[in-house]
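Note: hydrogens, waters and symmetry copies are ignored here, and every other heavy atom, side chains too, is used.
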Amino acid sequence: MTANTIVPVILSGGSGTRLWPMSRPERPKQFLPLTADETMLQLTVQRATGDRFSNPVIVANAQHAEEVETQLSAVGVTPQAIILEPAGRNTAPAIALAALAAPDPEAALLVMPSDHVIADIPAFHAAIKAALPLVNDGWLVTFGIEPDAPEIGYGWIQTGDQIAPGVHRVARFVEKPPLDRAEAMLAAGGHAWNGGIFLFRADMYLGALAAFAPAMLTAVQASIAGARQEGLRLYPDAAAFAASPADSIDYAVMEKAERVAVVPVQMGWNDVGSWDALHAISDLDVDGNAHGGDVIALDTNHCLVRSDGIRIAMVGVSDLIVVASGNDVLILPRGRSQEIKKLIEAMKR
């Protein structure tokens, strides 16, 4: 494997509750065709194919093994491995699983969530190309999304000195900010959203874990040592993996390591974190509506309406989100879709 061969590592462990009722723990949003005919997972694997990329490594929830295999097969992609987490321990241990399973310790791992949209693939590939020389030199690289709004739902990255064309040292990571701070960062420039996409050598990531999260590395190593393999599926040892601390890659590694760089990029990125976000990136009809499934809408404006079964009929309404899936129907005003988590909590009670 050459130094510039990139292993796509696709993190598919999310439960996707923010897009209830279509997205559910048994079939979260990465397995749904929300923005195209293909599912989010299929679009993710397809944006990392070609000469420079090896077959992907998928890190997924054990209950989704068959779904992952079926969806990848449908788009003609054979993964190197499907690593099935026995429990969710956040992104740092999940990425460690992939780094330990990589065929070459010096392979560059391109870590991507399975449920994001990237509209401008050539811009994404150009950012990867800009990052590779530093990656080969041992840097840990993240991709910063050029901000166009004072977003409070994302972490931010302050960009420092330029160290290569298009690549900057990370000055600091910023937690999800209050609105006034987000507005100040947007106005100041020199800041990007943290999109959760990374590029680094497997050995450099594992070395950083050894330095900053040794208990995590030990637990994940033990889980891989005790793993059982069934075809492409790798089942890490459950007891060993459960002993790992749960932490994100940002907290465990990126905020502590020395040689951390960011490539700011405009690539039409969206994490599709709500029905409002999906409406914002959807193709709209002349009345500002985004419809999917069996929908009849008369005198209706600026609505997102989707059904995977029953017919939805609407007359004389505007600015609504209406989603029907199975026996559940969601209705709420546009702009309030972040409140679905309150609904989920209420239903648990």
- residues 205-227 vs ring pair (Phe, Tyr, Trp, His ring centres under 6.0 Å), sequence neighbours excluded, gives Phe200-Tyr205
- Item | Pairs involving residues 328-349, ordered by first then second residue, that meet ring pair (Phe, Tyr, Trp, His ring centres under 6.0 Å) (sequence neighbours left out) | none
- Message: Check this for me, if you would: do Lys342 and Glu345 make a salt bridge, where the nitrogen-to-carboxylate-oxygen distance has to be below 4.0 angstrom?
- Response: no
- Item | Test log, rule salt bridge (charged side-chain N to carboxylate O under 4.0 Å, His left out), inputs Asp115 and Arg18 | CA-CA 12 Å; Asp115 56 358; Arg18 291 179 295 176; over 6 Å; no
- Considering residues at least two apart in sequence or located in another chain, which fulfil the side chain to side chain donor-acceptor pair (under 3.5 Å) criterion with Arg334? Asp319
- Message: My understanding is that only residues two or more places apart in sequence, or in another chain, count here; which of them pass side chain to side chain donor-acceptor pair (under 3.5 Å) with Asp308?
- Response: Ser325
Within the 4.5 Å heavy-atom criterion, are [X] and [Y] side-chain neighbours or not?
X: Ile10; Y: Gln30; answer: no
X: Val117; Y: Leu43; answer: no
X: Val253; Y: Phe198; answer: no
X: Leu132; Y: Arg52; answer: yes
X: His291; Y: Asp285; answer: yes

Under the salt bridge (Lys or Arg N to Asp or Glu O under 4.0 Å) test, which residues partner [X], sequence neighbours left out?
X: Asp137; result: Arg259
X: Arg181; result: none
X: Glu175; result: none

- Task: Only counting residues at least two apart or in another chain, list the ones meeting side-chain contact (heavy atoms from CB on, under 4.5 Å) with Ala240.
- Result: Ala222, Ser223, Asp237
- Query: By side-chain contact (heavy atoms from CB on, under 4.5 Å), which residues pair with Glu66, not counting sequence neighbours?
  - Reply: Thr70, Arg233
If you take all heavy atoms of [X] and [Y], which pair is closest and at what distance?
X: Ser274; Y: Leu19; result: C-CD2, 3.4 Å
X: Ile344; Y: Thr17; result: CD1-O, 4.3 Å
X: Leu84; Y: Asn61; result: CD2-O, 3.7 Å
X: Trp275; Y: Ile340; result: CD1-CD1, 3.5 Å
X: Leu97; Y: Pro236; result: CD2-CG, 3.9 Å
X: Ala227; Y: Leu234; result: CB-CD1, 3.8 Å

- All ring-ring contact (aromatic ring centres under 6.0 Å, His included) counterparts of Phe31, not counting sequence neighbours: His64
- With sequence neighbours left out, write down each residue that passes ring-ring contact (aromatic ring centres under 6.0 Å, His included) with His125, or none if nothing qualifies. Phe53
Show me the side-chain donor-acceptor pairs of residues 140-159 shorter than 3.5 Å, one per line, residues at least two apart or across chains.
{"unit_1": "Thr142", "atom_1": "OG1", "unit_2": "Ile197", "atom_2": "O", "d": "3.2"}
{"unit_1": "Glu151", "atom_1": "OE2", "unit_2": "Gly153", "atom_2": "N", "d": "2.9"}
{"unit_1": "Tyr154", "atom_1": "OH", "unit_2": "Asp271", "atom_2": "OD1", "d": "3.1"}
{"unit_1": "Trp156", "atom_1": "NE1", "unit_2": "Glu151", "atom_2": "O", "d": "2.9"}
{"unit_1": "Gln158", "atom_1": "OE1", "unit_2": "Arg172", "atom_2": "NE", "d": "2.6"}
{"unit_1": "Gln158", "atom_1": "OE1", "unit_2": "Arg172", "atom_2": "NH2", "d": "3.4"}
{"unit_1": "Thr159", "atom_1": "OG1", "unit_2": "Gly190", "atom_2": "O", "d": "2.9"}

- Query: Does the side chain of Asp276 come under 3.5 Å of the side chain of Ser337 through a donor N or O and an acceptor N or O?
  - Reply: yes
- Task: Please check if any side-chain donor atom of Gln46 sits under 3.5 Å from a side-chain acceptor atom of Gln42, or the reverse.
- Result: no
